[in-house]
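All values below were derived from every heavy atom in this structure, side-chain atoms included, with hydrogens, water molecules and symmetry-related copies excluded. Proteins come first, then strands; the chains are lettered A, B, ... in the order of their sequence lines, and each starts at number 1.
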Protein chains: 2
Amino acid sequence: MGKIDLKKLGLKVTLPRLKVLAILERNQREHLSAEDIYKALLESGEDVGLATVYRVLTQFEQADILNRHHFAEGHSVFELNQGEHHDHILCVKCGEVDEFTDEVIEARQDAIAKEMGFEITHHSLYLYGICSACQKK
Amino acid sequence: MGKIDLKKLGLKVTLPRLKVLAILERNQREHLSAEDIYKALLESGEDVGLATVYRVLTQFEQADILNRHHFAEGHSVFELNQGEHHDHILCVKCGEVDEFTDEVIEARQDAIAKEMGFEITHHSLYLYGICSACQKK
DNA sequence: CAAACAATGAAAAAACTTCTCATTATTATT
DNA sequence: AATAATAATGAGAAGTTTTTTCATTGTTTG
């Protein structure tokens with residue numbers, strides 16, 4: 001996978017940015033909140049302020065390095081932009097998050113946006129339900 | 001449209017609840033935040049506390065009287081549950097919100113949830129883009 | 001290596017939401 | 001219509017999440 005070049009994105013190469021990036025790369029399957037990342041940094045003995053974490057995440061989002069999600073939790077979570085887009089399905093009981101993609105849905109979304117005169121920039125689709133493990137409890 | 005019977009829903013019929021309901025009914029095409037509703041009440045000369053507005057909205061959500069949405073704004077917005085489900089398309093420039101429904105997408109969502117072993121409870125789909133009016137600017 | 005300027009940490013502040021608690025209102029029952 | 005039981009309310013405090021401010025530090029370009 002191609003390394004992310006901060007300089008090319010107009011961002012100075014600083015320790016906080018590299019550290020946040022490292023945390024995200026180490027947790028590619030997770031959806032981390034700003035607080036999660038901040039705690040992970042503290043545990044690694046890094047001295048990065050929470051405000052900086054928020055700033056860096058916002059910059060990374062604008063640079064399309066990562067995606068921000070608003071699950072029904074009250075705070076944002078982030079994941080590295082891994083090239084192929086995907087959507088999410090979440091368990092309302094245990095909080096598990098799975099991913100999926102569906103060509104049919106993608107195509108319909110584009111068609112709908114076109115019909116309604118919108119130039120689509122992005123979308124968010126979250127399915128909420130009870131996962132198989134929680135159904136058995 | 002059938003009037004909403006708070007009593008049948010296990011909610012006592014109180015002035016704040018009726019007033020919030022009236023605001024929502026008067027703005028069926030809008031997506032109002034708790035603050036919006038609170039301000040609308042103040043402007044109507046009603047003496048309702050913000051905490052009550054939040055409480056009532058949460059109760060209405062649980063009673064399925066309304067839907068809560070988490071657009072990419074950082075706060076919840078609400079709209080009366082008008083029977084038929086619909087999704088949303090939002091303009092990232094002017095903030096306009098339009099609605100749509102698509103049988104194909106609905107069906108695929110159910111199929112995907114089933115495939116993944118989920119018992120689906122609800123979903124949220126938001127398309128973001130630039131509306132036709134803003135494209136011309 | 002120095003100057004220009006952007007990034008940082010810490011703390012304060014802002015924005016949104018929930019909680020606490022004393023008071024008031026609603027309801028079912030007289 | 002009055003009462004008792006109980007739920008709802010308003011005000012403010014407090015909790016969360018996020019942004020801003022500002023003095024200091026770090027990065028980059030030439």
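For C:dA7, the OP1/OP2 oxygens have no side-chain nitrogen or oxygen of A:Thr52 closer than 4.0 Å. Distances shorter than 4.0 Å separate some side-chain N or O of A:Tyr54 from OP1 or OP2 on D:dT18. Between B:Thr14 and D:dA8 there is no side-chain polar atom (N or O) within less than 4.0 angstrom of OP1 or OP2.
In this structure, the side chain of B:Gln109 does not engage the main chain of A:Ile105 through any donor-acceptor pair within 3.5 Å. Although no hydrogens or angles enter the test, the distance criterion places no donor-acceptor pair under 3.5 Å between the side chain of B:Glu46 and the main chain of B:Pro16. Between the side chain of A:Glu61 and the main chain of A:Phe78, no donor-acceptor pair closer than 3.5 Å is present. Side-chain atoms of A:Arg17 never come within 3.5 Å of backbone atoms of A:Val56 as a donor-acceptor pair (strictly under, hydrogens ignored).
At whole-Å resolution of the value, CG in A:Leu18 and C1' in D:dG26 are 13 Å apart. In this structure, CD of B:Gln59 is placed 8 Å from C1' of D:dA8, rounded to the nearest angstrom. Per the geometry, CG belonging to B:Leu9 stands 16 Å off C1' belonging to D:dA8, to the nearest Å. Rounding to whole angstrom units, CG of residue B:Leu50 and P of D:dG10 are separated by 10 Å. Remark: P of C:dA15 and NZ of B:Lys39 are 10 Å apart, rounded to the nearest angstrom. Separating the CG atom of B:Leu32 from the P atom of C:dT17 is a distance of 13 Å, rounded to the nearest angstrom. Distance, B:Leu11 CG to C:dA28 P: 13 Å, rounded to whole Å. Atoms CZ (B:Arg55) and P (D:dG12) sit 14 Å apart, rounded to a whole Å.
Each of B:Arg68 and A:Tyr38 was assigned the nucleotide of DNA chain C with the nearest heavy atom; the assignment lying further toward the 5' end belongs to A:Tyr38. Judged by closest nucleotide on DNA chain D, B:Lys12 is the one of B:Lys12 and B:Val53 placed further toward the 5' end. DNA chain C is contacted by both A:Pro16 and B:Glu73; A:Pro16 maps to the nucleotide lying nearer its 5′ end (nearest heavy atom per residue).
Listed candidates were D:dT28, D:dT21, C:dT17. Nearest to the side chain of B:His75 is C:dT17. Nearest to the side chain of A:Ala34, among D:dG10, D:dT18, C:dA10, sits D:dT18. Between D:dA11, C:dT26, D:dT19, one nucleotide has an atom nearer to the side chain of A:Thr58 than all others, and that is D:dT19.
Put simply, the residue from A:Phe71, A:Tyr128, A:Phe100 that forms a ring-ring contact (aromatic ring centres under 6.0 Å, His included) with A:His88 is A:Phe71.
Contacts of B:Arg17 with the nucleic acid, taken as non-hydrogen atoms under 4.0 Å apart, involve only primed sugar atoms and P, OP1 or OP2. Within the 4.0 angstrom heavy-atom criterion, only backbone atoms of the sugar-phosphate kind lie near B:Ser76; the bases stay farther away.
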